[in-house]
2 protein chains.
Amino acid sequence: MAGRPVTPGTPGGTGSSGGGGVAGIKDVAAEARVSVATVSRVLNGNPAVRPDTRDRVHRAITALGYRPNGVARSLRTDQTRTLGLVISDVLNPFFTALARAVEDEARAHGYSVVFGNADEQPALEDHHVRTLLERRVDGLLLSPTDDNASQVAEVARSGVPMVFVDRWIPGCPDVPVVRTDGRAAIAALVGHLHALGHRRLAVITGPSTTTTGNERLDAFLDALDAHGLPTPGHYRQEGDFRAESGRLATARFLDLPDPPDAVFATDNLMALGAMDEIRSRALRVPEDIALAAFDDIPWFLHTDPPLTAIAQPTEELGHSAVRALVSLIEGRPARSVTLTADLVPRRSCGE
Amino acid sequence: MAGRPVTPGTPGGTGSSGGGGVAGIKDVAAEARVSVATVSRVLNGNPAVRPDTRDRVHRAITALGYRPNGVARSLRTDQTRTLGLVISDVLNPFFTALARAVEDEARAHGYSVVFGNADEQPALEDHHVRTLLERRVDGLLLSPTDDNASQVAEVARSGVPMVFVDRWIPGCPDVPVVRTDGRAAIAALVGHLHALGHRRLAVITGPSTTTTGNERLDAFLDALDAHGLPTPGHYRQEGDFRAESGRLATARFLDLPDPPDAVFATDNLMALGAMDEIRSRALRVPEDIALAAFDDIPWFLHTDPPLTAIAQPTEELGHSAVRALVSLIEGRPARSVTLTADLVPRRSCGE
DNA sequence: ATCCTCCATGTAATCGTTTCCATGAACTCC
DNA sequence: GGAGTTCATGGAAACGATTACATGGAGGAT
């Protein structure tokens with residue numbers, strides 16, 4: 001609120017040094033007996049500085065413990081060397097792994113990453129996009145929570161480069177999409193379930209406002225069709241990609257007069273919820289009901305039983321997304337990238 | 001590298017608007033036919049603006065899609081409304097949950113959070129601290145990877161408020177510590193194991209350069225002592241808080257002529273590694289060997305068998321840490337906070 | 001010896017805000 | 001009706017860096 005009081009100061013004086021504040025470029029210049037321009041040149045590796053001058057400046061820098069002010073630098077150069085990443089849910093291990101991959105690749109390119117956790121709430125997502133834009137990030141990585149394009153329009157208007165990762169919003173031809181195509185893996189999963197004798201296959205989808213939610217459902221229905229399996233509406237429940245919704249959906253399935261003999265959760269958190277519910281009813285997986293999930297995580301190896309899952313190349317996803325975004329930032333074009341997912345069969349669907 | 005070329009521009013002209021760039025406060029002022037000072041007042045909720053003027057400015061803002069430049073604002077006000085959080089490992093669900101709690105509380109106070117993932121590497125941690133300091137975060141939340149205090153000294157010198165969370169560095173009396181005391185819970189765990197008949201208790205510790213590593217080991221040894229149990233050196237292996245080290249340590253234990261009948265992993269990732277190794281040898285938990293972990297996570301309910309764990313109040317930890325840091329930032333004093341952990345017994349140590 | 005070139009360095013404008021102070025208009029009060 | 005108040009607004013100086021342009025000295029060519 002209050003801000004810092006502005007003291008008039010001595011015009012042409014030592015500048016920022018004054019009393020006991022943090023050393024500024026002027027202090028370094030004074031200490032090294034050169035101009036601020038020269039200090040700046042040394043800072044930026046400009047070769048037009050004599051070696052001895054350069055040394056003198058370096059000594060002054062260490063003597064004063066000077067650290068360049070990134071804010072001032074950003075204002076002048078109009079770049080923050082910062083990327084914004086808005087993800088849907090930090091507690092979801094898939095997004096955590098993605099975030100980590102993004103940070104790694106960004107650091108390799110000399111960028112920091114500011115995260116925003118949308119928690120699957122469009123309003124929070126909006127908040128983060130707005131904040132990141134105000135902070136003038138050089139580029140934005142977005143995994144949209146719903147298909148509301150209002151924020152995206154704003155971003156586009158602001159001219160900030162943007163890339164969609166994992167999920168995207170239809171009708172944004174200028175925004176590259178880096179994602180995984182799960183169709184083939186889902187088809188393989190349905191084949192796997194069919195081969196193991198399961199015929200009543202149910203699915204817990206994500207929100208229909210997300211592309212991943214729709215795509216996974218479509219692929220699942222197509223695959224059922226290909227195997228001549230029925231697709232009754234009550235074998236389909238919409239979740240919100242979080243554990244509780246998976247539990248609820250599973251409860252509805254199990255309350256049915258003819259419960260499914262296999263459940264496919266379209267993300268790992270909903271699979272966790274499904275397991276909660278199945279366990280609370282003292283049912284066994286896969287004998288009583290089979291279970292499979294989209295997104296593989298290390299814990300799935302050790303669940304009871306080990307869970308069959310569809311694994312995305314998460315790391316590659318994050319790296320590609322950053323590469324695309326950096327291209328855009330540096331004025332080069334960027335193309336969309338589509339990777340493929342793999343089925344990892346374990347015991348949860350049967351032997 | 002190149003930066004933006006600086007064009008001389010018309011002195012006293014329209015300023016930043018010029019061609020097709022992003023609208024600046026000058027453009028808003030021109031559009032609303034007021035001075036930039038008035039626009040700034042409206043932006044900052046200064047009451048000394050006539051309502052009709054305020055409306056005019058608001059209309060201009062929306063008409064131009066103006067978004068204040070946070071970088072310029074930060075330069076002027078000397079605050080970024082940003083907190084830095086350097087955590088040891090994003091892939092560790094404990095830190096993920098912590099990060100989420102931190103972000104929530106920070107947002108409630110009007111701050112954004114910039115994350116740095118140290119990946120348990122001191123060099124990376126240094127990099128992030130340096131970067132965050134250059135970006136002039138208003139405060140720093142640190143969970144130090146080792147006990148090297150060099151970076152901390154730098155931070156202290158830079159005058160940036162700092163709070164340690166979870167782990168800390170001894171000998172920094174001015175830095176508040178927000179952490180969990182696990183001693184009682186560890187004593188309870190040892191009692192639990194003893195009551196179930198286990199006598200050969202082994203521990204996988206964290207690095208001895210971390211306070212949490214030392215504290216958990218000490219508490220464990222003290223508890224063993226209290227029960228009159230031996231503490232042979234080969235029942236102690238130092239890990240690095242990551243899965244692979246837990247696997248390795250467990251392998252060493254199992255290769256012993258007299259392997260332990262219970263293993264306590266001092267974090268969840270090392271417990272995961274331990275399970276990997278136990279499973280690969282076709283041993284059963286808890287019949288062949290009991291297993292318990294520090295840090296509880298949702299998946300532990302569904303592992304085979306459900307894992308006994310020590311749960312930290314993660315959310316409260318994150319919230320308290322942010323509150324302490326915000327206090328410091330606003331010039332108020334901040335006290336250290338110590339919370340307590342609880343034992344959550346499940347099947348992995350016996351019935 | 002003179003002029004030209006090149007190189008290292010300094011001077012000052014600039015980025016987009018915030019905020020101190022000055023200004024002038026509209027009131028109030030006697 | 002004049003003097004003092006209050007109030008809304010504008011002008012201009014910062015914040016700390018980068019960088020175009022000016023400057024002056026050394027060295028080379030003639």
Check this one for me: any side-chain N or O of B/Thr53 less than 4.0 Å away from OP1 or OP2 of D/dA8? no
Counting only side-chain N and O atoms of B/Ser35, is one of them less than 4.0 Å from OP1 or OP2 of D/dG11? no
Considering only NZ, NE, NH1 and NH2 on the basic side and carboxylate oxygens on the acidic side, decide whether A/Arg56 and A/Asp52 come within less than 4.0 Å. no
Does a donor on one side chain and an acceptor on the other come within less than 3.5 Å for A/Thr131 and B/Arg107? no
For B/Ile61 and C/dT17, what is the distance between atoms CD1 and C1' respectively, to the nearest whole Å? 13 Å
Atom pair distance, as rounded to whole Å: CG in B/Leu75 and C1' in D/dA13: 13 Å
I'd like to know whether A/Ser88 forms a side chain to side chain donor-acceptor pair (under 3.5 Å) with A/Arg167, so could you lay out the CA-CA distance, the side-chain angles of the two residues, the decisive distance to 0.1 Å, and finally the verdict. CA-CA 10 Å; A/Ser88 317; A/Arg167 312 179 186 174; 3.3 Å; yes
Rounded interatomic separation in angstrom, taking CG from B/Asn44 and P from C/dT19: 6 Å
Please determine, for the side chain of A/Lys26, which listed nucleotide (D/dC15, C/dT17, D/dT18) has the closest atom? D/dC15
Touch class at under 4.0 angstrom, heavy-atom based, for A/Val39 against every strand present: nothing
I'd like to know if B/Arg59 and B/Asp55 make a salt bridge, using a cut-off of under 4.0 Å between side-chain N and carboxylate O. no
Rounded interatomic separation in angstrom, taking CZ from B/Arg41 and P from D/dA8: 10 Å
Ranking A/Ala48 and A/Val36 by the position along DNA chain C of their nearest nucleotide, the one closer to 5' is A/Ala48
Side-chain-base donor-acceptor pair under 3.5 Å for B/Arg76 and C/dT17: no
Under 4.0 Å between a side-chain N or O of A/Arg50 and OP1 or OP2 of C/dA8? no
Tell me the interatomic distance from A/Ile25, atom CD1, to D/dT18, atom P, rounded to whole angstroms. 5 Å
Rounded to whole Å, how long is the line connecting atom CG of B/Leu43 with atom C1' of C/dT18? 10 Å
Between A/Asn69 and D/dC15, does any side-chain N or O lie under 4.0 Å from OP1 or OP2? no
When we call it a touch if two heavy atoms are under 4.0 Å apart, what does A/Val71 touch: a base, just sugar-phosphate, or nothing? nothing
List in chain and number order the residues that pass ring pair (Phe, Tyr, Trp, His ring centres under 6.0 Å) with B/Tyr111, two or more places apart in sequence or in another chain; answer none if no residue qualifies. none
Among the nucleotides D/dT9, C/dT18, C/dG10, whichever has the atom closest to the side chain of B/Thr38 is D/dT9
Distance, rounded to the nearest Å, where A/Glu134 contributes CD and C/dT18 contributes P: 10 Å
B/Tyr66 has its side chain closest, among D/dA17, D/dG10, C/dT17, to C/dT17
Whole angstrom value for the distance that separates C1' of D/dT9 from CZ of B/Arg54: 13 Å
Less than 4.0 angstrom between a side-chain N/O of A/Arg73 and OP1 or OP2 of D/dT18, yes or no? yes
With a 4.0 Å cut-off on heavy atoms, is A/Ser40 in touch with a base, just the backbone sugar-phosphate, or nothing at all? base
According to ring pair (Phe, Tyr, Trp, His ring centres under 6.0 Å), does anything in residues 117-167 of chain A pair up with another residue at least two apart or in another chain? List the pairs. none
